Amino acid sequence: MPDDARNFITQAAPDLARWVARFQPETLPVLARTAALIEDYRDNEDAVDAHLLAEDLATDPLMTLKLLAHVGRLRRGREGTDIETVTAALLLLGITPFFKAFSGLQTVEGQLADRPEALDGFNAVLTRSHRAANFAIGFAVHRLDHDAALIHSAALLHDFAELLLWLRAPDLALEIQRRQAADQSLRSSVVQRELLQIELPDLQHSLMGNWRLPAVLVRITDDQQHNNSTQVRNVLLAIRLARHSAQGWDNAALPDDVHETAQLLNLGVEPTWKLLREIDE
């Protein structure tokens with residue numbers, strides 16, 4: 001069975017380089033709804049434009065990765081500005097070449113059909129990523145940031161290495177989940193080092209570079225940059241809010257998150273709470 005099907009990883013690679021070698025953007029599956037939409041659009045190609053297609057593709061982190069990596073590979077060695085958004089990638093590539101490059105796509109649901117616990121884990125991360133992306137673009141629009149689409153993608157992709165782990169190494173992902181459920185104080189970095197020999201943010205950063213993703217996207221999603229730019233704060237606060245409110249709005253960490261978000265948006269605390277709930281609805 002090919003590596004992009006159900007050849008699950010059951011043992012940690014000994015180092016980061018060999019972890020990176022296990023993942024290729026061409027073999028990533030996409031969400032079933034994305035695959036179905038692409039086939040529907042393929043049948044009506046003359047009625048499709050980049051902006052229409054981007055509206056659907058940009059909500060699927062794995063499809064976003066595949067498309068940006070594909071364009072990055074095509075542009076290898078060329079001078080010029082990075083292609084930073086799904087819309088820009090589609091405009092550069094063209095609709096017909098897009099459909100030619102992305103046909104017969106495998107799906108997440110098909111790959112994890114026999115692993116319902118892993119699919120649940122994947123979907124939990126996906127839901128959190130969608131909420132983070134919604135918060136991020138909501139903040140960016142409020143701030144009149146002209147890079148709102150880029151900020152949306154940065155938040156959506158912030159945890160994609162965790163999605164990949166559920167897809168390709170479900171047993172390892174489940175064991176991480178079990179250990180953290182048993183010990184609420186266990187830090188992600190510690191348990192990842194124990195079970196994977198690496199930390200997922202390091203894997204993600206290496207994959208983004210290896211796949212030639214846009215430099216600004218790599219920068220915004222890298223928590224280790226210690227970059228206090230408004231855009232980075234925008235994304236990181238959106239991520240924190242999505243994590244801390246995943247089980248409801250009574251998490252003890254949320255007041256600090258909301259206070260920092262109010263400062264970012266130049267709003268009072270109560271209007272910020274109201275905005276957050278409106279975005280989340």
Side-chain angles (χ1 to χ4, degrees), residues 34 48-72 74-75 78-95 98 128-160 204-205 208-209 211-242 257-269 271-281:
T34 303
V48 178
D49 63 31
H51 297 281
L52 175 65
L53 192 52
E55 285 183 13
D56 293 311
L57 301 190
T59 63
D60 184 336
L62 299 181
M63 187 67 231
T64 298
L65 287 170
K66 288 173 75 73
L67 179 58
L68 292 178
H70 179 74
V71 171
L74 292 178
R75 286 172 53 82
R78 298 183 187 179
E79 297 294 332
T81 305
D82 276 349
I83 301 302
E84 298 171 349
T85 66
V86 169
T87 301
L90 290 168
L91 287 170
L92 175 75
L93 190 59
I95 298 301
F98 168 81
R128 190 179 73 219
S129 297
H130 279 152
R131 293 183 70 236
N134 288 338
F135 286 136
I137 197 169
F139 300 164
V141 169
H142 181 87
R143 294 175 33 251
L144 303 178
D145 193 315
H146 66 280
D147 285 329
L150 175 65
I151 287 171
H152 176 274
S153 292
L156 186 70
L157 299 180
H158 188 274
D159 295 327
F160 81 78
Q204 181 163 298
H205 187 69
M208 293 180 87
W211 295 352
R212 297 184 169 273
L213 297 193
V216 66
L217 196 59
V218 177
R219 176 178 60 81
I220 293 176
T221 55
D222 185 4
D223 296 353
Q224 305 305 314
Q225 284 280 337
H226 302 293
N227 187 323
N228 200 36
S229 77
T230 303
Q231 291 185 337
V232 171
R233 287 172 59 214
N234 188 324
V235 170
L236 294 183
L237 280 169
I239 296 294
R240 281 166 49 186
L241 283 160
D257 296 338
V258 174
H259 179 73
E260 289 187 48
T261 303
Q263 292 180 322
L264 174 75
L265 302 180
N266 196 25
L267 283 175
V269 170
T272 300
W273 275 110
K274 182 174 183 292
L275 177 64
L276 291 173
R277 294 181 188 277
E278 288 174 352
I279 292 173
D280 204 29
E281 290 172 359

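All of these numbers come straight from a predicted model, not from anything done at the bench.
For Glu260, the salt bridge (charged side-chain N to carboxylate O under 4.0 Å, His left out) partners two or more places apart in sequence, or in a different chain, are Arg240. Take Thr34 and apply the side-chain hydrogen bond (donor to acceptor under 3.5 Å, both in side chains) test, not counting sequence neighbours, and it matches Asp60. Remark: His70 pairs with Phe102 by the ring-ring contact (aromatic ring centres under 6.0 Å, His included) rule, at least two apart or across chains.
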Problem set entry | Worked verdict on Ser153 versus Thr85 for side chain to side chain contact (heavy atoms under 4.5 Å, CB included) | CA-CA 7 Å; Ser153 292; Thr85 66; 5.5 Å; no
Exercise. Stepwise, does the side chain to side chain contact (heavy atoms under 4.5 Å, CB included) test hold for Asp159 with Arg128?
Worked result: CA-CA 9 Å; Asp159 295 327; Arg128 190 179 73 219; 3.1 Å; yes
Exercise. Run the side chain to side chain contact (heavy atoms under 4.5 Å, CB included) check on Asn234 and Leu264 step by step: do they pass?
Worked result: CA-CA 7 Å; Asn234 188 324; Leu264 174 75; 4.3 Å; yes
Exercise. Does the pair Leu157 and Thr64 meet the rule for a side chain to side chain contact (heavy atoms under 4.5 Å, CB included), with working shown?
Worked result: CA-CA 8 Å; Leu157 299 180; Thr64 298; 4.2 Å; yes
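Between Ala50 and Leu91, the shortest heavy-atom contact is CB-CD2, 3.6 Å. When all heavy atoms of Gly268 and Ala262 are compared, the closest pair comes out as O-CB, 4.0 Å. Contact detail for Phe160 and Gln204: the closest heavy-atom pair is N-OE1, 3.0 Å. When all heavy atoms of Leu156 and Thr59 are compared, the closest pair comes out as CD2-C, 4.1 Å. The two atoms that bring Ala133 and Ala155 nearest to each other are CA-CB, 3.7 Å, heavy atoms only.
Residues Ile239 and Phe135 are not in side-chain contact: their nearest non-hydrogen atoms beyond the backbone lie 4.5 Å or more apart. Between Leu65 and Leu213, some side-chain heavy-atom pair lies under the 4.5 Å cut-off. Residues Pro214 and Met208 are not in side-chain contact: their nearest non-hydrogen atoms beyond the backbone lie 4.5 Å or more apart. When side chains are defined from C-beta on, Ile279 does not count as touching Arg131, because their heavy atoms never get closer than 4.5 Å. With contacts defined as side-chain heavy-atom distances shorter than 4.5 Å, the pair Trp211/Leu68 does not qualify. Put simply, the side chain of Phe139 does not reach to within 4.5 Å of the side chain of Thr230, judged on heavy atoms. Residues Leu90 and Leu67 are in side-chain contact: their nearest non-hydrogen atoms beyond the backbone lie under 4.5 Å apart. Contact annotation: the side chain of Arg143 approaches that of Ile151 to within less than 4.5 Å [non-hydrogen atoms, C-beta and beyond].
Looking at Lys274 and Glu278, a side-chain N of the basic residue comes within less than 4.0 Å of a carboxylate O on the acidic one, giving a salt bridge.
Interatomic distance, Leu62 CG to Leu57 CG, rounded to the nearest 0.5 Å: 12.5 Å. Rounding to the nearest 0.5 Å places CG of Asp145 at 14.0 Å from NE2 of His152. Annotation: the span from Leu275 atom CG to Thr261 atom OG1 amounts to 9.0 Å, rounded to 0.5 Å. Atom OG1 in Thr272 sits 10.5 Å away from atom CG in Leu237 (nearest 0.5 Å). In this structure, the separation between CD on Glu55 and CG on Asp49 is 8.5 Å, given to the nearest 0.5 Å.
One N or O on the side chain of His142 and one on the backbone of Leu265 form a donor-acceptor pair closer than 3.5 Å. Distance alone, capped at 3.5 Å, places no donor-acceptor pair between the His51 side chain and the Thr87 backbone.
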